[in-house]
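Working notes, structure below.
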Amino acid sequence: MTDDQLFLRELENGHFPPDNFNQQTRLYAAWAYHRNYPLREAAARCAHTFSRYALTRALATSYHHTLTMATLVLLYQRMAEQPEQAEDWEHFCQANPDMLSDTVSLVRYHYSADLLDHERARKAFVEPDLAPLPCLLH
């Protein structure tokens, strides 16, 4: 089993420390799911794991489904455009510092604040209202 598979298992089993569950950890999980599963399955597993992790930690209100799915699409688009980024996490980080520092701003290019702040967007995926997302998961 690879390091990223061990990490995903720990996250899926709820054994990952909540203090370490930050933006970089979530991006690493999304990246690792893409390395280990076909695209649609990777996205579904990742969203399910994040949602379940939030629920088991009494952080249900912190999980935002539209933000999660939009981030996955943007991350997976970059991996599709430069497949070598899927081979090495450090390479991905070096090539995508904007994703590590401020993913929300990248998503807000596609979504208005009003739409992202709506409860409907938190609970289920909603299509963007400003600019379309790449069609990777449709």
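Atom NE2 of His64 sits about 7.0 Å away from atom CG of Asp117, to the nearest 0.5 Å. Between the OG1 atom in Thr103 and the CD atom in Gln24 there is a gap of 10.5 Å [rounded to 0.5 Å]. Atoms CG and CZ, on Asn13 and Arg52 in that order, are 7.0 Å from each other to the nearest 0.5 Å. For the atom pair Glu87 CD and Gln82 CD, the distance stands at 13.0 Å (nearest 0.5 Å). Distance check: Leu27 CG to Thr71 OG1 gives 7.0 Å after rounding to the nearest 0.5 Å. To the nearest 0.5 Å, atoms CZ (Arg35) and CD (Gln85) are separated by 12.5 Å.
For the pair Val73 and Pro134, the tightest heavy-atom approach, listed with the atom from each and the gap, is CG1-O, 3.5 Å. Annotation for Val107 and Ala70: closest pair CG1-CB, 3.9 Å, computed over non-hydrogen atoms. In plain terms, the two heavy atoms of Leu100 and Cys93 that are nearest each other are CD1-CB, 3.5 Å. Smallest separation of non-hydrogen atoms from Ala30 and Leu72: CB-CD2, 3.3 Å. The nearest pair of heavy atoms linking Met79 to Trp31 is CE-CD1, 3.4 Å.
Side-chain contact of Glu81 with Gln77: a donor-acceptor pair under 3.5 Å is present, judged by distance alone. One side chain, Asp129 or Ser112, offers a donor N or O that lies under 3.5 Å from an acceptor on the other.
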*Does the pair Tyr111 and Leu67 meet the rule for a side-chain contact (heavy atoms from CB on, under 4.5 Å), with working shown?*
CA-CA 9 Å; Tyr111 290 89; Leu67 186 57; over 6 Å; no
*Let me see the working for Leu74 and His110 under side-chain contact (heavy atoms from CB on, under 4.5 Å), right down to the final yes or no.*
CA-CA 11 Å; Leu74 297 174; His110 301 274; 3.7 Å; yes
*Step by step, would you call Arg120 with Leu115 a side-chain contact (heavy atoms from CB on, under 4.5 Å)?*
CA-CA 8 Å; Arg120 179 175 48 114; Leu115 184 57; 3.7 Å; yes
*asked:* Please determine whether side-chain contact (heavy atoms from CB on, under 4.5 Å) holds for the pair Thr49 and Tyr33, giving the CA-CA distance in whole Å, both sets of side-chain angles, and the decisive distance to 0.1 Å.
replied: CA-CA 10 Å; Thr49 298; Tyr33 274 114; 2.7 Å; yes
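For the pair Phe21/Leu11, a side-chain contact is recorded, criterion being any heavy-atom separation below 4.5 Å from C-beta on. The shortest side-chain heavy-atom distance between Glu10 and Pro17 falls under the 4.5 Å cut-off.
Met99 and Tyr109 end up in different hydrophobic clusters when Ile, Leu, Val, Met, Phe, Trp and Tyr side chains are linked at under 4.5 Å.
Counting only distance, with no hydrogens or angles, the side chain of Ser51 and the backbone of Ala47 share no donor-acceptor pair below 3.5 Å.
Taking the six-membered ring for Trp and thresholds of 30 and 60 degrees, Tyr76 and His34 have ring planes more than 60 degrees apart, a perpendicular arrangement. Between Tyr63 and His65, the two ring planes are tilted [angle within 30° to 60°].
Side-chain rings of Phe92 and Tyr28 stay apart, their centers remaining 6.0 Å or farther from each other.
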